[in-house]
Amino acid sequence: SWLHNELATGQGAAQTLAELMPELAGLPRTREALTQQFALGAISYLVFLDGQARLDGVELQGVEARQALLRSRLSMALLLEHESLFPIPSFNSEVEP
């Protein structure tokens, strides 16, 4: 059941990332447009700050989804002892000095 939960978490995170990708890809351009609108006086400072906060929220969602995906992949790799899910250093092999 633990593996099933990690798999579901990873799939949910991957789906969230897929949905956010168009927005995440456009963030730099959107931030620049928002800054230019403020600089030209087209929007107030409060609207500018609100827009920045909303963009930060989208970016944070992307970071959290990536973190959830990587954590679930790491957990599954450790449980299954399989490096294809997440690169795990091998601590059992001896290293020559």
Side-chain angles (χ1 to χ4, degrees):
S1 70
W2 187 73
L3 181 61
H4 179 68
N5 288 339
E6 291 299 326
L7 183 59
T9 300
Q11 289 173 339
Q15 182 179 355
T16 300
L17 274 176
E19 291 169 0
L20 286 175
M21 272 314 207
E23 293 174 23
L24 291 172
L27 275 179
R29 187 173 35 198
T30 305
R31 284 189 192 279
E32 180 64 28
L34 192 62
T35 301
Q36 288 179 0
Q37 288 177 2
F38 174 67
L40 293 172
I43 59 173
S44 70
Y45 186 62
L46 291 177
V47 172
F48 172 73
L49 288 180
D50 181 58
Q52 290 289 348
R54 289 173 190 256
L55 294 175
D56 288 347
V58 171
E59 194 168 21
L60 182 60
Q61 283 179 328
V63 169
E64 289 172 344
R66 284 185 191 104
Q67 179 188 21
L69 178 61
L70 290 174
R71 279 186 184 214
S72 68
R73 290 181 70 187
L74 174 61
S75 296
M76 288 187 295
L78 290 173
L79 179 67
L80 299 173
E81 296 179 3
H82 204 277
E83 290 185 7
S84 67
L85 297 169
F86 196 94
I88 304 170
S90 176
F91 295 109
N92 294 335
S93 62
E94 292 188 26
V95 178
E96 294 287 326

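- Of all the heavy atoms in Ala65 and Ala13, the pair that sits closest is O-CB, 3.4 Å.
- Atom OG of Ser44 and atom CD of Gln37 lie 11.0 Å apart (nearest 0.5 Å).
- From Glu64, atom CD reaches atom CG of Leu20 across 10.5 Å, with rounding to the nearest 0.5 Å.
- Looking at heavy atoms from C-beta onward, Arg31 lies in side-chain contact with Glu59 at the 4.5 angstrom threshold.
- The hydrophobic cluster containing Leu79 does not contain Leu69, counting ILVMFWY residues as joined when their side-chain heavy atoms lie under 4.5 angstrom apart, directly or transitively.
- Taking 4.5 Å as the limit, some side-chain heavy atom of Arg66 sits within range of a side-chain heavy atom of Leu24.
- In this structure, Thr16 and Gln61 have side chains that are not in contact, with every pair of non-hydrogen atoms separated by 4.5 Å or more.
- Atom CE of Met76 is separated from atom NE2 of His4 by 12.0 Å, given to the nearest 0.5 angstrom.
- Side-chain heavy atoms closer than 4.5 Å link hydrophobic residues (I, L, V, M, F, W, Y) into clusters, and following such links, even through other members, never connects Leu70 to Val63.
- Heavy atoms from other residues, nucleotides or ligands lying under 6.0 Å from CZ of Arg71 number 12 at most.
- Note: Phe38 and Phe48 have parallel aromatic rings, judged against thresholds of 30 and 60 degrees for the angle between ring planes.
- Side-chain atoms of Asp56 and Leu60, non-hydrogen and from C-beta on, never get closer than 4.5 Å to each other.
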- [ ] Apply the test side-chain hydrogen bond (donor to acceptor under 3.5 Å, both in side chains) to residues Gln15 and Gln11: give CA-CA distance (whole Å), side-chain angles for both, the deciding distance (0.1 Å), then the verdict.
- [x] CA-CA 6 Å; Gln15 182 179 355; Gln11 289 173 339; over 6 Å; no

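- To the nearest 0.5 Å, atoms CD (Glu6) and CG (Leu74) are separated by 9.0 Å.
- The CG atom of Leu34 sits 11.0 Å away from atom CG of Leu27, with the distance rounded to the nearest 0.5 Å.
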TODO: Begin with the C-alpha distance, continue with both residues' side-chain angles, and end with the deciding distance and a verdict on side-chain contact (heavy atoms from CB on, under 4.5 Å) for Thr35 and Gln52.
DONE: CA-CA 9 Å; Thr35 301; Gln52 290 289 348; 3.9 Å; yes

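- Rounding to the nearest 0.5 angstrom, the gap separating the CG atom in Asn5 from the OG atom in Ser72 is 11.0 Å.
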